[in-house]
Amino acid sequence: MGDKWSVLVIVELANGARRFRQLQRAIDGISQRMLTLTVRRLERDGLVLRTVYPTVPAQVDYRLTETGANLTHLVKALADWSLDHRDGIAQARQAYDAQHPGNEIR
């Protein structure tokens with residue numbers, strides 16, 4: 001649960017169950033493959049529950065487990081911190097890049 005996509009999926013699922021496409025539309029920049037890998041990892045970690053409904057075509061939704069729901073306040077705090085500090089982080093990155101031209105960290 002250490003990457004930005006996992007954090008964003010948990011934040012989105014804190015608002016309730018979502019279908020795959022709803023998650024994909026809500027999380028800007030995430031590819032289908034990355035979302036698939038992310039929800040699988042979160043399911044494996046016991047944070048997300050995947051439910052398949054017996055319809056044609058099959059309908060699937062994702063929701064937080066109790067463990068995942070207990071984590072949301074921490075994840076939301078991290079997301080809030082990131083939003084509050086994004087300008088300072090962007091400035092620090094620009095300053096670093098200016099001092100270290102040609103670096104491969106981007």
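Note that the structure is predicted; figures quoted are calculated from it, not measured.
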Review point. If every non-hydrogen atom of P101 is compared with every non-hydrogen atom of A98, which pair is closest and at what distance?
Key: CD-O, 3.7 Å
Point to revise | From OG1 (T38) to CG (D3), nearest 0.5 Å | key: 5.5 Å
Check your understanding: Looking at T72 and A14, what are the two nearest heavy atoms and their distance?
Key -> CG2-CB, 3.7 Å
Practice item. Any chance you could lay out the side-chain contact (heavy atoms from CB on, under 4.5 Å) test for Y62 and R50, step after step, and finish with the verdict? Key: CA-CA 5 Å; Y62 300 89; R50 179 179 183 264; 3.5 Å; yes
Practice item. Determine yes or no for a side-chain-to-main-chain donor-acceptor pair under 3.5 angstrom, with Q99 supplying the side chain and Y96 the backbone. Key: no
Study note, to complete from the structure: When rounded to the nearest 0.5 Å, the distance separating CG of L35 from CZ of R25 is 11.5 Å
Check your understanding: When hydrophobic residues are tied together by side-chain contacts of less than 4.5 Å, even through go-betweens, does M34 share a cluster with L8?
Key -> yes
Study note, to complete from the structure: Heavy-atom closest pair (L64 atom, A69 atom, distance to 0.1 Å) is CB-N, 3.9 Å
Review point. With the 4.5 Å side-chain cut-off for hydrophobic clustering, are V60 and L37 part of the same group?
Key: no
Point to revise | W5-L74 co-clustered via ILVMFWY side chain contacts under 4.5 Å | key: yes
**Study point:** Audit row: D61, F20, side-chain contact (heavy atoms from CB on, under 4.5 Å) steps and yes/no
**Key:** CA-CA 7 Å; D61 74 19; F20 187 89; over 6 Å; no
Exercise for review: With rounding to the nearest 0.5 Å, note down the distance linking CD in Q24 to OG in S31.
Suggested key: 7.5 Å
Exercise for review: Mark yes when over 12 heavy atoms from residues, nucleotides or ligands other than N15 sit less than 6.0 Å from its CG; otherwise mark no.
Suggested key: yes
Check your understanding: Hey, what do you get for CD1 (I27) to CZ (R18), rounding to the nearest 0.5 Å?
Key -> 10.0 Å
**Study point:** Whether N103 side chain and H100 backbone form a donor-acceptor pair below 3.5 Å
**Key:** yes
Point to revise | Verify same cluster id: L49, I10 (apolar side-chain graph, 4.5 Å) | key: no
Check your understanding: Regarding Q22 and R19, is there a side-chain donor-to-acceptor distance under 3.5 Å anywhere?
Key -> no
Point to revise | Salt bridge R86-D84, side-chain N to carboxylate O under 4.0 Å | key: no
Point to revise | Within-4.5 Å side-chain heavy-atom neighbours: L47 and L71 | key: yes
**Study point:** Derivation of the side-chain contact (heavy atoms from CB on, under 4.5 Å) call for E43 and V39
**Key:** CA-CA 6 Å; E43 183 181 12; V39 293; over 6 Å; no
Revision key, fill the gap. d(Q91 CD, Q94 CD) to nearest 0.5 Å is 7.0 Å
Review point. Are the side chain of T65 and the backbone of G46 linked by a donor-acceptor contact shorter than 3.5 Å?
Key: yes
Review point. Can you get from L13 to V52 by hopping between Ile, Leu, Val, Met, Phe, Trp and Tyr side chains that sit under 4.5 Å apart?
Key: yes
Check your understanding: Have T67 and N70 got a donor and an acceptor in their side chains that come within less than 3.5 Å?
Key -> no
